[in-house]
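Below, each value reflects all heavy atoms present in this structure, side chains not excepted, and no hydrogens, waters or symmetry copies.
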Amino acid sequence: MNSRNEIADRVLVIAYGNPLRCDDGVAWQAAEEIRRKLATQIDVICVHQLAPELAEEISRAGTVIFLDATGDGDPGKVTCQIVHPDPIQARFSHHLAPAQVLTLCEQFYKVRPRGFLISISGHCFDHGERLTPSVTNALPQTVAAVSDLLQRLKISGDLCQSQSAIM
């Protein structure tokens, strides 16, 4: 079993989306790049959707960073926001939002890791494996956002007081 310090220091990245739906697969591609560049600092999981079973894995981390594509915003835009458990949204389902998974983690395992959502705005979500150019160009910025979060965690131990976007 992990010590409390090991858990507090562990950063888990969860990339979710469908890599067979063009830009919806950007999180998986970003995760592979993050794994290559930051493997000694983090653990990375790629899943098609957030499910209740992830609460157990999240309970063994001090910080969880969710990566996902979104249809909102200008294609290629990368945003980062803090995610808190949300008991109002904690309905049992096979497809959950990041706040819901954090709520399950808190309810079942009595831990509350810091949560962040990095979203990459996509353009095309049709069938296919190729990312659009604007989303491909956002991959380095996505990796930089994760790296920046890790750096801020090391420096301050707490990233920010605000619940608004931090990028």
Side-chain angles (χ1 to χ4, degrees), residues 2 6-85 93-102 104-105 111 113-154 159 165-167:
N2 293 337
E6 288 174 318
I7 290 172
D9 291 343
R10 181 175 181 236
V11 176
L12 176 63
V13 173
I14 300 176
Y16 62 103
N18 186 342
L20 300 176
R21 299 293 301 233
C22 295
D23 289 347
D24 199 36
V26 68
W28 284 42
Q29 289 194 28
E32 288 308 314
E33 188 65 24
I34 290 164
R35 186 179 279 137
R36 279 192 291 278
K37 293 189 177 201
L38 304 170
T40 61
Q41 302 173 56
I42 59 167
D43 293 318
V44 178
I45 298 173
C46 293
V47 295
H48 286 278
Q49 62 187 14
L50 299 178
E53 298 81 20
L54 288 170
E56 180 183 9
E57 185 72 30
I58 292 169
S59 75
R60 296 189 301 263
T63 302
V64 61
I65 301 170
F66 298 95
L67 298 177
D68 187 29
T70 180
D72 298 332
D74 295 328
K77 182 177 181 186
V78 177
T79 59
C80 180
Q81 58 191 27
I82 296 172
V83 178
H84 296 285
S93 172
H94 292 287
H95 176 71
L96 303 173
Q100 293 171 302
V101 180
L102 290 177
L104 293 176
C105 180
V111 295
R114 290 173 289 215
F116 301 91
L117 172 61
I118 296 178
S119 300
I120 306 97
S121 296
H123 174 72
C124 178
F125 294 89
D126 293 337
H127 292 283
E129 295 180 46
R130 191 167 284 164
L131 300 178
T132 58
S134 58
V135 171
T136 299
N137 292 337
L139 286 170
Q141 185 181 357
T142 304
V143 175
V146 172
S147 182
D148 184 52
L149 279 174
L150 293 174
Q151 192 64 26
R152 290 183 195 193
L153 282 170
K154 286 179 184 176
L159 289 170
I166 61 174
M167 272 187 76

Gap separating the CG atom of L150 from the CD1 atom of I42, nearest 0.5 angstrom: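 One gets 6.5 Å once the value is rounded to the nearest 0.5 Å.
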What is the distance from atom CG of L139 to atom CD1 of I120, rounded to the nearest 0.5 Å?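 It is 7.5 Å, given to the nearest 0.5 Å.
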Using residues 123-136 as the side-chain source, report each donor-acceptor pair under 3.5 Å to any protein atom, sequence neighbours left out, with the distance given to one decimal.
from, atom 1, to, atom 2, distance (Å)
T132, OG1, D23, OD1, 3.1
T132, OG1, D23, OD2, 2.8
T136, OG1, T132, O, 3.1

All salt bridge (Lys or Arg N to Asp or Glu O under 4.0 Å) counterparts of E33, not counting sequence neighbours: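 Applying salt bridge (Lys or Arg N to Asp or Glu O under 4.0 Å) to E33 gives R36, K37.
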Give me the one residue out of [options] that meets side chain to side chain contact (heavy atoms under 4.5 Å, CB included) with [X].
{"X": "C80", "options": "V146, I118, D148, T142", "result": "I118"}
{"X": "V11", "options": "L38, T63, V44", "result": "T63"}
{"X": "L96", "options": "L54, L102, V101", "result": "V101"}

I'd like to know if the side chain of [X] and the backbone of [Y] have a donor-acceptor N/O pair within less than 3.5 Å.
{"X": "S59", "Y": "E56", "value": "yes"}
{"X": "Q100", "Y": "A97", "value": "yes"}
{"X": "N18", "Y": "D24", "value": "no"}

Mind checking what makes side chain to side chain contact (heavy atoms under 4.5 Å, CB included) contact with P19, not counting sequence neighbours?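 Result, side chain to side chain contact (heavy atoms under 4.5 Å, CB included) vs P19: W28, H48.
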Applying side chain to side chain donor-acceptor pair (under 3.5 Å), name anything that partners E32, two or more places apart in sequence or on another chain.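 In terms of side chain to side chain donor-acceptor pair (under 3.5 Å), with neighbours along the sequence ignored, E32 is linked to R35.
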Considering residues at least two apart in sequence or located in another chain, which fulfil the side chain to side chain donor-acceptor pair (under 3.5 Å) criterion with D43?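 Side chain to side chain donor-acceptor pair (under 3.5 Å) check on D43 returns R10.
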Nearest atoms (heavy-atom pairs only) where P113 meets C105: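 Nearest heavy atoms, P113 then C105: CD-SG, 4.0 Å.
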List the atom of P140, the atom of N137, and the distance in Å for their closest heavy-atom pair.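 In terms of heavy atoms, the two residues are closest at CD-O, 3.4 Å.
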Quiz: residues 66-75 side-chain donor-acceptor pairs under 3.5 angstrom, not counting sequence neighbours:
from, atom 1, to, atom 2, distance (Å)
D68, OD2, Y16, OH, 3.4
T70, OG1, D72, N, 3.2

What I'd like to find out is whether the side chain of E57 reaches to under 4.5 Å of the side chain of I14, using heavy atoms alone.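 E57 vs I14: side chains apart.
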